[in-house]
Q: 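One structure follows; several queries about it will come next.
Position 1 is the first residue of the sequence; numbering continues from there.
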Amino acid sequence: MRPVPLRMPGRLFTALATGGGGAEALDLLARAEYSRRLACAHAVTEAARDIGGGVADAAGQAWELLAAAHRADPRAVSAVLTHPSTGTALFGLLARLDRVAEGGPGTGPAGEVPVHWFSALAAAAAVRAGVSVRVRWPLTTDRVFLPSLGGARFPGARPGDVAEVSVDAAGEALIGVTGRRSVPGPVAVPDSRTGSAGRWQAAHCLTLLDTGAPLLLDDVDPLRFPGVPERPLGLTADELRWWEIMVEEACGLLRADHPETYAELAAGPRTLVPLGRTGSFSGSSAEAFGSMALSPPRTGRGLALSLAHELQHSKFAAVLHLFDLFEPGGEERYYAPWRPDPRPLLGLFHGAYAHLGVAEFWNRRRAVEQDPEELARAQAQFVRWRTGAREATEVLLSSGRLTPLGQRFAETMLTTLDGLCRLPVPADARRRGLALAAEHRAEWVRRNGVPEALLI
């Protein structure tokens with residue numbers, strides 16, 4: 001059970017730098033993320049061993065169980081390690097272990113390290129692989145959860161009680177809490193990997209993509225996305241149905257009009273994380289590859305744009321895990337045409353790449369929109385985002401902090417954007433798009449108090 005060395009062909013690197021890449025690129029990036037997480041799991045084991053005591057014992061047992069599951073069914077381990085929340089768990093745990101080992105401020109005793117997440121990951125792999133085992137770890141809440149599978153709440157359970165996952169010789173699995181009579185009995189882990197029934201809670205399958213991969217809506221995983229509450233969001237049946245309708249519309253639009261973006265989405269699996277907030281918010285996380293956090297969509301077209309946008313961020317984050325595109329450090333802050341605040345170079349690079357994809361999205365909408373109002377909107381949005389992404393990319397290239405590979409990547413972005421900027425647009429739409437860009441810049445200056453002449 002070792003990370004596998006990967007090579008990215010030059011043509012695929014170039015394809016990614018143009019803003020595309022397709023299913024082939026997403027497949028390679030997903031395999032790279034799997035290897036990275038496997039390496040992180042091993043690093044967690046080593047870091048825990050350095051700390052010693054119960055933390056070392058728990059991490060060592062989890063690693064051995066992962067290895068046993070891998071011997072029985074490598075795909076079971078892959079399914080767990082590639083699940084988005086696994087990245088959040090592993091890299092968060094490794095950072096905590098490193099702080100404890102260094103005796104950093106505010107780390108607390110080693111016993112507070114949440115190594116139970118590593119035990120839960122290993123237990124999930126054992127369940128998927130059908131490895132006969134009994135795994136226990138101390139609870140921190142009244143829920144027992146297996147990443148990539150689901151879990152259940154056990155009313156009356158308290159922090160410090162013991163969660164137990166057992167898999168018998170036939171591969172049947174139970175989760176429960178031991179040692180407290182007032183707590184409900186164990187819950188069987190169902191064969192289905194999605195959907196809630198009885199006390200069991202799991203992600204919802206919104207649709208099956210053309211590859212057969214599910215597009216999930218996860219409102220129950222405690223680590224489903226950084227910064228969201230651990231407790232389930234508790235979507236109603238009507239809310240779930242609305243998500244299903246919007247996803248069907250968005251996927252239908254992408255499949256018909258944006259085939260490369262749809263191919264990247266379908267290379268999944270993908271997990272959408274609903275947010276309990278109104279508006280048009282979407283976000284991605286570098287450590288939760290494969291997931292996107294979204295406010296409830298208003299339209300299928302709007303959701304399609306959000307999916308295209310966040311796919312760009314996911315691709316770029318995975319590329320940065322493979323290649324150093326810029327030199328670290330630097331206190332510079334830059335104007336970004338899509339943000340109200342000054343951004344560091346990393347944020348500017350991320351946003352420029354994402355909005356290259358946004359510009360491509362609107363360019364395609366110009367060719368397919370039939371409604372005059374929607375067509376006019378697509379024309380203006382295309383002008384705004386091709387202009388903003390190009391300006392940001394020029395700043396990247398003049399920053400003096402790009403590596404040779406980063407220079408190559410950004411130059412390819414600029415070439416693509418130059419091509420978009422040469423495309424004809426009706427004069428009225430061009431004026432509206434440039435006016436939107438100018439309005440954003442003026443508001444940014446008012447908000448941040450930076451004279452126009454000092455804008456980078």
Q: Between H355 and W385, what is the ring plane arrangement, given parallel below 30°, perpendicular above 60°, and tilted in between?
A: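 Aromatic pair H355/W385 classed tilted.
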Q: How long is the span from the OH atom in Y353 to the CG atom in L348, to the nearest 0.5 Å?
A: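 The distance works out to 15.5 Å.
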Q: Side-chain contact test, heavy atoms from C-beta onward, threshold under 4.5 Å: evaluate it for T82 versus E33 and give yes or no.
A: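 No. Closest side-chain heavy atoms not under 4.5 Å.
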Q: Charged N to carboxylate O below 4.0 Å: is that the case for R136 and E164?
A: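 Salt bridge between R136 and E164, a charged N being under 4.0 Å from a carboxylate O: yes.
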Q: Could you pull out the closest heavy-atom pair between L235 and P274, with the gap in Å?
A: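 Of all heavy-atom pairs spanning L235 and P274, the closest is CD1-CG, 3.9 Å.
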Q: Would you check if M413 and T416 make a side-chain contact, meaning some heavy-atom pair closer than 4.5 Å?
A: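 Side chain of M413 against side chain of T416, heavy atoms only: no contact under 4.5 Å found.
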Q: Measure up the H42 and W63 rings against each other and bin them: parallel (under 30°), tilted (30 to 60°), perpendicular (over 60°).
A: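 Perpendicular: the ring planes of H42 and W63 meet at over 60°.
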Q: Nearest 0.5 angstrom please: L303 CG to M246 CE, how far?
A: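 Output value for this atom pair is 8.0 Å.
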Q: Kindly determine whether L206 and L216 satisfy side chain to side chain contact (heavy atoms under 4.5 Å, CB included), including the steps that lead there.
A: CA-CA 6 Å; L206 295 171; L216 303 176; over 6 Å; no
Q: Can you tell me if D324 uses its side chain to pair, donor with acceptor, with the backbone of F326 under 3.5 Å?
A: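 Here the side-chain-to-backbone pair does not exist.
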Q: Any idea which heavy atoms bring T194 and C205 closest together, and the distance?
A: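 Distance-wise, the nearest heavy atoms are OG1-CB, 3.9 Å.
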Q: Quick check: closest heavy atoms across P84 and S291, and the distance to 0.1 Å?
A: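 Here P84 and S291 meet closest at CB-CB, 3.6 Å.
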Q: Do L149 and V127 come close enough that some side-chain heavy atom pair is under 4.5 Å?
A: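 SC-SC contact between L149 and V127 confirmed.
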Q: Does either side chain, that of T207 or that of E248, offer a donor lying less than 3.5 Å from an acceptor on the other one?
A: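 Yes, side-chain donor-acceptor contact under 3.5 Å.
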Q: Please answer whether the main-chain N or O of A32 pairs with a side-chain N or O of S35 as donor and acceptor at a distance below 3.5 Å.
A: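 No; zero donor-acceptor contacts below 3.5 Å.
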Q: Looking just at side-chain N and O atoms, do D257 and Y262 make a donor-acceptor pair shorter than 3.5 Å?
A: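 There is no such pair between these side chains.
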Q: Any idea how F316 and F349 line up, ring-wise: parallel (<30°), tilted (30 to 60°), or perpendicular (>60°)?
A: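 Taking F349 first and then F316, their aromatic rings sit tilted (interplane angle of 30° to 60°).
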Q: In chain order, what residues pass the side chain to side chain contact (heavy atoms under 4.5 Å, CB included) check against E310, with sequence neighbours excluded?
A: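 S282, S284, M292, H313.
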Q: Assess whether a salt bridge exists between E360 and R364, defined as any Lys/Arg side-chain N lying under 4.0 Å from an Asp/Glu carboxylate O.
A: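 No, this pair does not count.
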Q: Do the side chains of T261 and L307 get nearer than 4.5 Å, heavy atoms only?
A: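 No, their side chains stay 4.5 Å or more apart.
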Q: Between the side chains of E46 and R49, is the shortest nitrogen-to-carboxylate-oxygen separation below 4.0 Å, so that they form an ion pair?
A: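 Salt bridge present between R49 and E46.
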Q: Where is the tightest heavy-atom contact between V77 and M1, given as atom of each residue plus distance?
A: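 Taking every non-hydrogen atom into account, CG1-SD, 4.5 Å.
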Q: For residues 220-236, which residue pairs pass the side chain to side chain donor-acceptor pair (under 3.5 Å) check, not counting sequence neighbours?
A: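 Listed once each, the pairs are S85-D221, T236-E239.
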Q: Passes side chain to side chain contact (heavy atoms under 4.5 Å, CB included), F145 versus V220? Steps please.
A: CA-CA 9 Å; F145 199 87; V220 297; 4.0 Å; yes
Q: Quick one: CG on L320 to CZ on F409, what's the gap to the nearest 0.5 Å?
A: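 It comes to 8.0 Å.
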Q: Give a yes or no on whether R180 atom CZ has more than 12 heavy-atom contacts from other residues, nucleotides or ligands under 6.0 Å away.
A: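 Enclosed: over 12 neighbouring heavy atoms sit under 6.0 Å from CZ of R180.
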Q: Can you find a pair of side-chain heavy atoms, one from H258 and one from R365, that are under 4.5 Å apart?
A: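 A side-chain contact under 4.5 Å exists here.
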Q: Show your reasoning for whether salt bridge (charged side-chain N to carboxylate O under 4.0 Å, His left out) applies to E264 and R270.
A: CA-CA 10 Å; E264 292 176 353; R270 300 284 167 210; over 6 Å; no
Q: Side-chain contact, heavy-atom cut-off 4.5 Å: V135 with Q61?
A: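 They are not in contact (no side-chain heavy atoms under 4.5 Å apart), so the answer is no.
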Q: For residues S148 and R128, is any side-chain donor paired with an opposing acceptor at under 3.5 Å?
A: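 S148 vs R128: donor-acceptor pair found between side chains.
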Q: Could you check L139, V144, T140 and say which one makes a side chain to side chain contact (heavy atoms under 4.5 Å, CB included) with D161?
A: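 The residue from L139, V144, T140 that satisfies side chain to side chain contact (heavy atoms under 4.5 Å, CB included) with D161 turns out to be L139.
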Q: With a 3.5 Å cut-off and no angle check, do the side chains of Y334 and R343 form a donor-acceptor pair?
A: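 Result is no, nothing qualifies.
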Q: CG of L275 to CZ of F281: how many Å apart, nearest 0.5 Å?
A: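 Interatomic distance, L275 CG to F281 CZ, rounded to 0.5 Å: 6.0 Å.
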Q: Can you name the salt bridge (charged side-chain N to carboxylate O under 4.0 Å, His left out) partners of D168, sequence neighbours left out?
A: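 Result, salt bridge (charged side-chain N to carboxylate O under 4.0 Å, His left out) vs D168: none returned.
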Q: Under the side-chain hydrogen bond (donor to acceptor under 3.5 Å, both in side chains) test, which residues partner E287, sequence neighbours left out?
A: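 With neighbours one apart ignored, the set is R36.
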Q: For A392 and W338, which heavy atoms make the closest approach, and how far apart are they?
A: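 Result for this residue pair: CB-CH2, 3.6 Å.
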Q: Would a distance-only check, ignoring hydrogens and angles, find a side-chain to backbone donor-acceptor pair under 3.5 Å from S78 to R75?
A: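 No, the answer is negative, given that no donor and acceptor are paired below the 3.5 Å cut-off.
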Q: CZ/R408 to CG/L325 distance, rounded to the nearest 0.5 angstrom?
A: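 Nearest 0.5 Å value for the CZ-CG distance: 11.0 Å.
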Q: Starting at NE2 of H70, measure out to CG of L65 and round the result to the nearest 0.5 Å.
A: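 The CG atom of L65 is 13.0 Å from NE2 of H70, to the nearest 0.5 Å.
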Q: I'd like to know whether R386 forms a side chain to side chain contact (heavy atoms under 4.5 Å, CB included) with W362, so could you lay out the CA-CA distance, the side-chain angles of the two residues, the decisive distance to 0.1 Å, and finally the verdict.
A: CA-CA 9 Å; R386 74 179 182 179; W362 287 116; over 6 Å; no
Q: Hey, does the side chain of T211 reach the backbone of A267 with a donor-acceptor pair shorter than 3.5 angstrom?
A: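 Checked: no pair found.
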Q: Would you say the side-chain atoms of K315 pair up with the backbone N or O of L29, donor to acceptor, closer than 3.5 Å?
A: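 Not at all, since once roles are kept as given, no pair shorter than 3.5 Å links the two residues.
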Q: Taking the side chain as every heavy atom from C-beta outward, state whether L322 and M8 have any pair of such atoms under 4.5 Å apart.
A: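 SC-SC contact between L322 and M8 confirmed.
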Q: Who are the side chain to side chain contact (heavy atoms under 4.5 Å, CB included) partners of Q407, not counting sequence neighbours?
A: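 Q407: side chain to side chain contact (heavy atoms under 4.5 Å, CB included) contacts with L397, L402, E411.
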Q: Identify, with sequence neighbours excluded, every residue that meets salt bridge (charged side-chain N to carboxylate O under 4.0 Å, His left out) alongside E244.
A: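 E244 satisfies salt bridge (charged side-chain N to carboxylate O under 4.0 Å, His left out) with R241 only.
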Q: Could you check R390 against T393 for side chain to side chain contact (heavy atoms under 4.5 Å, CB included), going step by step and ending with a plain yes or no?
A: CA-CA 5 Å; R390 189 186 187 285; T393 303; 5.7 Å; no
Q: Between F13 and F323, is any pair of side-chain heavy atoms under 4.5 Å apart?
A: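 F13 reaches F323 side chain to side chain.
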Q: Run the salt-bridge test on D210 and R255 with the 4.0 Å N-O cut-off and return the result as yes or no.
A: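 Between R255 and D210 there is a salt bridge, with a charged N closer than 4.0 Å to a carboxylate O.
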Q: For the residue pair R333 and P342, what are the closest heavy atoms and their distance?
A: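 Closest pair (atom of R333, atom of P342, distance): CB-CB, 3.6 Å.
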Q: Do side-chain atoms of T14 reach the backbone of G10 as a donor and acceptor pair under 3.5 angstrom?
A: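 Yes, because the side chain of T14 sits within donor-acceptor range (under 3.5 Å) of the backbone of G10.
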